[in-house]
Amino acid sequence: FRFRIECPMTETSDDTGPLAFAARFPPEERFAVTAAELAARLAAAAGCAAGAAEEIRGAVRAAFQEALASAGALETGIDLTLQAGDGVFDADLATGGAALCHCSKPRTA
């Protein structure tokens with residue numbers, strides 16, 4: 001497996017403007033922490049409160065670990081999609097087209 005990362009960014013004058021990020025991770029335990037940390041850091045950078053960023057970290061890590069128990073994850077990898085839009089930050093985890101986790105938190109900044 002290789003990482004597949006897509007980072008389409010929208011130009012804006014606001015520091016916390018629209019953001020979209022997608023990555024596919026190999027189905028390996030060591031990447032659960034990486035995906036969770038990435039989600040939490042982007043949530044914080046997009047303006048989520050510290051507590052909300054921690055909730056996203058926990059949700060993504062737990063869903064990633066659940067995906068590791070799925071046979072589908074072994075074949076397709078684990079997809080993480082992060083989006084920050086109009087007042088909300090969304091984190092989604094999926095494998096083989098099946099949704100595993102959706103976590104949405106308000107952007108306060």
Side-chain angles (χ1 to χ4, degrees):
F1 277 94
R2 292 184 181 162
F3 284 109
R4 179 182 57 99
I5 297 176
E6 300 169 4
C7 295
M9 301 285 239
T10 302
E11 295 278 335
T12 144
S13 61
D14 182 4
D15 288 342
T16 58
L19 164 76
F21 177 88
R24 174 170 288 164
F25 291 93
E28 298 174 21
E29 176 66 31
R30 63 187 171 141
F31 293 113
V33 173
T34 303
E37 183 68 20
L38 182 61
R41 286 185 184 224
L42 260 66
C48 289
E54 285 303 314
E55 288 178 26
I56 290 170
R57 179 193 321 269
V60 167
R61 186 168 185 183
F64 197 105
Q65 290 173 328
E66 284 180 31
L68 292 174
S70 166
L74 298 176
E75 296 173 10
T76 62
I78 301 169
D79 295 316
L80 173 66
T81 304
L82 306 171
Q83 295 180 327
D86 295 331
V88 178
F89 182 86
D90 295 309
D92 294 285
L93 211 64
T95 184
L100 300 169
C101 171
H102 173 76
C103 192
S104 186
K105 297 294 177 185
R107 297 169 66 195
T108 56

message = With a 4.5 Å cut-off on side-chain heavy atoms, are Leu93 and Asp79 touching?
response = no

note = To the nearest 0.5 Å, atom CD of Glu28 lies from atom CG of Leu68 at 9.0 Å

note = On a heavy-atom basis, the closest approach of Ala49 and Thr108 is N-OG1, 3.8 Å

Quick one: side chains of residues 98-106, donor-acceptor pairs under 3.5 Å with protein atoms, not counting sequence neighbours, listed by atom name and distance.
{"unit_1": "His102", "atom_1": "ND1", "unit_2": "Asp92", "atom_2": "OD1", "d": "2.5"}
{"unit_1": "Ser104", "atom_1": "OG", "unit_2": "Asp90", "atom_2": "OD1", "d": "2.6"}
{"unit_1": "Lys105", "atom_1": "NZ", "unit_2": "Glu55", "atom_2": "OE1", "d": "2.3"}

ask   = Run the side chain to side chain contact (heavy atoms under 4.5 Å, CB included) check on Leu82 and Phe89 step by step: do they pass?
value = CA-CA 7 Å; Leu82 306 171; Phe89 182 86; 3.9 Å; yes

message = Which label fits Phe25 and Phe31: parallel for a plane angle under 30°, tilted from 30 to 60°, or perpendicular past 60°?
response = tilted

request  = Return the minimal non-hydrogen interatomic distance between Gly77 and Thr95, and the atom names on each side.
outcome  = O-OG1, 2.8 Å

query = What distance do Ile78 atom CD1 and Phe64 atom CZ have between them, rounded to the nearest 0.5 Å?
reply = 3.5 Å

Less than 3.5 Å apart, which donor and acceptor atoms pair up between the side chains of residues 35-48 and the rest of the protein, not counting sequence neighbours?
{"unit_1": "Glu37", "atom_1": "OE1", "unit_2": "Arg57", "atom_2": "NH1", "d": "2.1"}
{"unit_1": "Glu37", "atom_1": "OE2", "unit_2": "Arg41", "atom_2": "NE", "d": "2.5"}
{"unit_1": "Glu37", "atom_1": "OE2", "unit_2": "Arg41", "atom_2": "NH2", "d": "3.2"}

Criterion side chain to side chain contact (heavy atoms under 4.5 Å, CB included) on Leu19 and Gln83, from CA distance to verdict = CA-CA 5 Å; Leu19 164 76; Gln83 295 180 327; over 6 Å; no

